[in-house]
Amino acid sequence: MLKVYNTLTRKKEEFKPIEDKKVRMYVCGLTVQNYSHLGHVRGAINYDVIRRYLEFKGYDVTYISNFTDINEKIIARAELEEMKPMALAYKYEQAFLEDIEALNIKKADHYCKATDNIDQIQKMVQTLIDKGYAYIADGNVYFSVEEFEDYGKLSGRDLEQMIAGTRKKIESDKKNPLDFALWKNVEDPEVIAWDSPWGRGWPGWHIECSAMSIKKLGSSFDIHGGGTDLIFPHHENEIAQSEAYSGVKPFAKYWMHNGTVNLSGDKMSKSLGNFYTTRKLLEKYSADQLRYFILTKHYRSPIEYSDEEIENSNKSLEKLVNTKNSLKNILKQSPTDSDKKQTYQLLEFIKGKEEKYFAAMDDDFNSAQAIGILHEMATEINKVVNNSELKLNSKLLEDLKEIYKTFNELFEIFGLTLESSSSSLSSDRYSELVEYVLELRKEARANENWELADKIRDDLNKLGIKVHDTPRGTEWEIIN
RNA sequence: GGCGGCAUAGCCAAGUGGUAAGGCAGAGGACUGCAAAUCCUUCAGCGACGGUUCAAAUCCGUCUGCCGCCUCCA
């Protein structure tokens, strides 16, 4: 049974989609004002895995996300880069799509943009006014939080207390300091804006997500995700305006929130902001490495980023890659049935662990625990595969094929390829060349010419080709 | 000030009632011509103090220390 932690109830609940076998999910995207950073991408990776797992379990998943492509930040940034706001938004939207592709994150079924949905948004605002949930003030339209009785249910806040604790000065045209904008008046005629019954302006920040999710997924859908930092006020406000608009509860059945990524204590770098953009990180680390780093932590926990920590996690990943390579290499061999009696319990062991892997994932997508289980599998596989006493009979070979398939399938759920980063460079001719050189080394070894054999190995290593002698013979792989 | 969360070995990190997964690093050993990889062994009693319970890292309380949100944020 799949259980999901629901922020709304602060409990793990059994996951039951509104429509059997269909899952509709909406994940808050980002304001396309700059290149994405690890924080954005962490969420995207977490929800990517959630989606992959749901699909793996046979659900038909509709995954919608959005880009906020108009607001003050976009305007400010556009000025800085001397671009038109819409061009700037488009530039960073494309950059983000490139980033997620590079990270092997599956694309959403649809990405909504605020500026593509102005009509829908205006319609929603008008309905909220008509229903008495919103009011017009000076070209702005505000949602009146007092009109919505459930206000605060997601973030666990009490309206009275919040008002009492408000630090912000009451903006003159708001009735209540917590009221939030559905439509923002734009006075400067030079600035891009849209006409509306209430004046020229833009949508407020929260309304776009409500309008687009309702349009694409309906008034009530299964999962709404985002970072913990969006719980208040963004998601709280989304609930208020959406449920007030449609009269349907719940707007989203399960609210999921991923932890944030924080930077290690000292601000040692002046340009931290830049350094941790996704593209910068991708120059240094592979998609597998970044994904693995993220997935070895529970999605709801905050992550403290440091280079040291990711290097650590890279080594852990490498162990799994080595296991996969050993498996792959042994599958190329032919079985020797001289010893058919020798039996191995490996397949049974792996199947047992697979159960545990699913149990971990069923428990609120505990990828950290599941990865621990993959390591237990790897150790057991290594024991058999790297054993010089190994009797590779046809039964074992069949089992290993199945294990290899299972192993890959479980990594696929995490979007991990376990490919050496530049293996795509290894054309056939390239491989033949390496094999040839290794053949020479083999001769040297046969002649006990260790000096030459080691020189070949060291030199290849310098060229990025790692050579190791295994019970199966000499194997090689391309590194970094 | 309000709301929420966290505190597990040198480091990272699972575990939410029955006596601590996994990884990195360390130590010892096996394998190897030497390496690499791999395997084996070893390495914590869970921030502090109380309480509940036959039994708590896990539940309750207090304290200490971190962090997030309350303004834009994935």
Side-chain angles (χ1 to χ4, degrees), chain A residues 7 10 12 27-31 33 36-47 65 68 71-73 76 96 152 155-158 160-168 178 205 225-234 236 257-262 265 292-293 296-298 300-304 306 308-323 325-326 356 360 363 366-389 445 448-451 453-454 457-458 461 466-472 474-477 479:
Chain A
T7 307
R10 305 198 179 277
K12 280 183 199 169
V27 177
C28 282
L30 65 165
T31 298
Q33 53 166 332
S36 71
H37 60 251
L38 228 209
H40 299 122
V41 144
R42 186 229 173 142
I45 290 171
N46 286 147
Y47 294 108
S65 192
T68 299
N71 63 21
E72 293 81 350
K73 286 183 167 180
F96 179 73
S155 53
R157 285 154 211 254
D158 180 75
E160 301 292 313
Q161 281 182 348
M162 277 195 284
I163 293 167
T166 308
R167 287 178 179 171
K168 221 176 141 192
L178 292 164
W205 173 36
T228 50
D229 50 350
L230 293 182
I231 295 173
F232 189 88
H234 187 55
E236 193 68 61
H257 292 95
N258 61 278
T260 51
V261 177
N262 307 316
Y292 187 81
F293 173 71
T296 47
K297 283 97 181 148
H298 189 99
R300 282 191 278 121
S301 308
I303 293 179
E304 202 65 43
S306 74
E308 201 182 2
E309 195 37 50
I310 196 166
E311 298 293 349
N312 176 332
S313 113
N314 288 168
K315 286 183 188 160
S316 171
L317 207 212
E318 201 181 330
K319 194 170 172 176
L320 298 172
V321 173
N322 286 337
T323 298
N325 286 336
S326 298
K356 292 201 162 185
D363 185 10
N366 195 335
S367 59
Q369 192 171 41
I371 285 174
I373 293 161
L374 292 175
H375 273 280
E376 291 173 351
M377 289 186 179
T379 299
E380 209 62 21
I381 293 169
N382 288 335
K383 262 190 231 177
V384 172
V385 161
N386 291 332
N387 188 334
S388 49
E389 309 285 293
R445 293 182 75 208
E448 299 198 354
N449 186 349
W450 308 126
E451 207 179 325
D454 291 351
R457 182 174 62 198
D458 293 346
N461 203 280
K466 197 160 138 198
V467 174
H468 39 265
D469 302 316
T470 76
R472 273 159 269 127
T474 300
E475 290 175 357
W476 61 278
E477 63 177 319
I479 50 172

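Every chain is numbered from 1 and lettered A, B, ... according to where its sequence line falls, protein lines coming before strand lines.
Looking at every heavy atom in both residues, A:Gly226 comes nearest to A:Asn258 through O-OD1, 2.8 Å. Closest of all the heavy-atom pairs between A:His298 and A:Ala368 is N-CB, 4.1 Å. What you find for A:Arg445 and A:Ala453 is that their closest heavy atoms are CG-CB, 3.5 Å.
A:Lys319 has a side-chain polar atom (N or O) that falls below the 4.0 Å cut-off from OP1 or OP2 of B:G23. At the phosphate of B:C40, OP1 or OP2 sits under 4.0 Å from a side-chain N or O atom of A:Lys383. In this structure, A:His40 reaches the B:A74 phosphate: one of its side-chain N or O atoms is under 4.0 Å from OP1 or OP2.
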Quick one: side chains of residues 315-322 of chain A, donor-acceptor pairs under 3.5 Å with protein atoms, not counting sequence neighbours, listed by atom name and distance.
from, atom 1, to, atom 2, distance (Å)
A:Ser316, OG, A:Tyr292, OH, 2.7
A:Ser316, OG, A:His375, NE2, 3.1
A:Asn322, ND2, A:Glu318, O, 3.4

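Evaluation of atom-type donor-acceptor distances gives a pair under 3.5 Å for the side chain of A:Asp469 against the base of B:C34. Below the 3.5 angstrom threshold, one finds no donor paired with an acceptor across the side chain of A:Asn262 and the base of B:G68.
Remark on RNA chain B: of its neighbouring residues A:Gly372 and A:Arg457, the 5'-side contact belongs to A:Gly372, judged by nearest-heavy-atom nucleotide. If you find the closest nucleotide of RNA chain B to A:Asn258 and to A:Asn312, the one lying nearer the 5' end belongs to A:Asn312.
Residue A:Glu448 contributes atom CD, which lies 7 Å from atom C1' of B:G33 at whole-angstrom precision. Here the C1' atom of nucleotide B:U32 and the CD atom of A:Glu389 are 14 Å apart, to the nearest Å.
Here A:Asn322 lies in heavy-atom contact (under 4.0 Å) with sugar-phosphate atoms only. Within 4.0 Å of A:Val467, counting heavy atoms only, lies at least one base atom of the nucleic acid. Within 4.0 Å (heavy atoms only), A:Thr31 reaches sugar-phosphate atoms of the nucleic acid but no base atom. Within the 4.0 angstrom heavy-atom criterion, no nucleotide atom of any strand lies near A:Arg42. A:Gly226 comes within contact range of the sugar-phosphate backbone alone, with a heavy-atom separation under 4.0 Å but no base atom that close. Contacts of A:Lys466 with the nucleic acid, taken as non-hydrogen atoms under 4.0 Å apart, involve only primed sugar atoms and P, OP1 or OP2.
Atom CD of A:Glu308 is surrounded by 12 or fewer heavy atoms from other residues, nucleotides or ligands within 6.0 Å.
Nearest nucleotide to the side chain of A:Arg445, out of B:A36, B:C69, B:G33: B:G33. Ranking B:U38, B:G22, B:C3 by closeness to the A:Asn386 side chain, first place goes to B:U38.
Using modelled atom types and a 3.5 Å distance limit, the side chains of A:Arg42 and A:Asn46 yield a donor-acceptor pair.
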Find every protein N or O atom lying less than 3.5 Å from an N or O atom of nucleotides 13-17 of chain B, and list the pairs.
from, atom 1, to, atom 2, distance (Å)
B:A14, OP1, A:His298, N, 2.8
B:A14, O3', A:Asn366, ND2, 2.9
B:A14, O2', A:Gln369, NE2, 3.4
B:G15, OP1, A:Asn366, ND2, 2.6

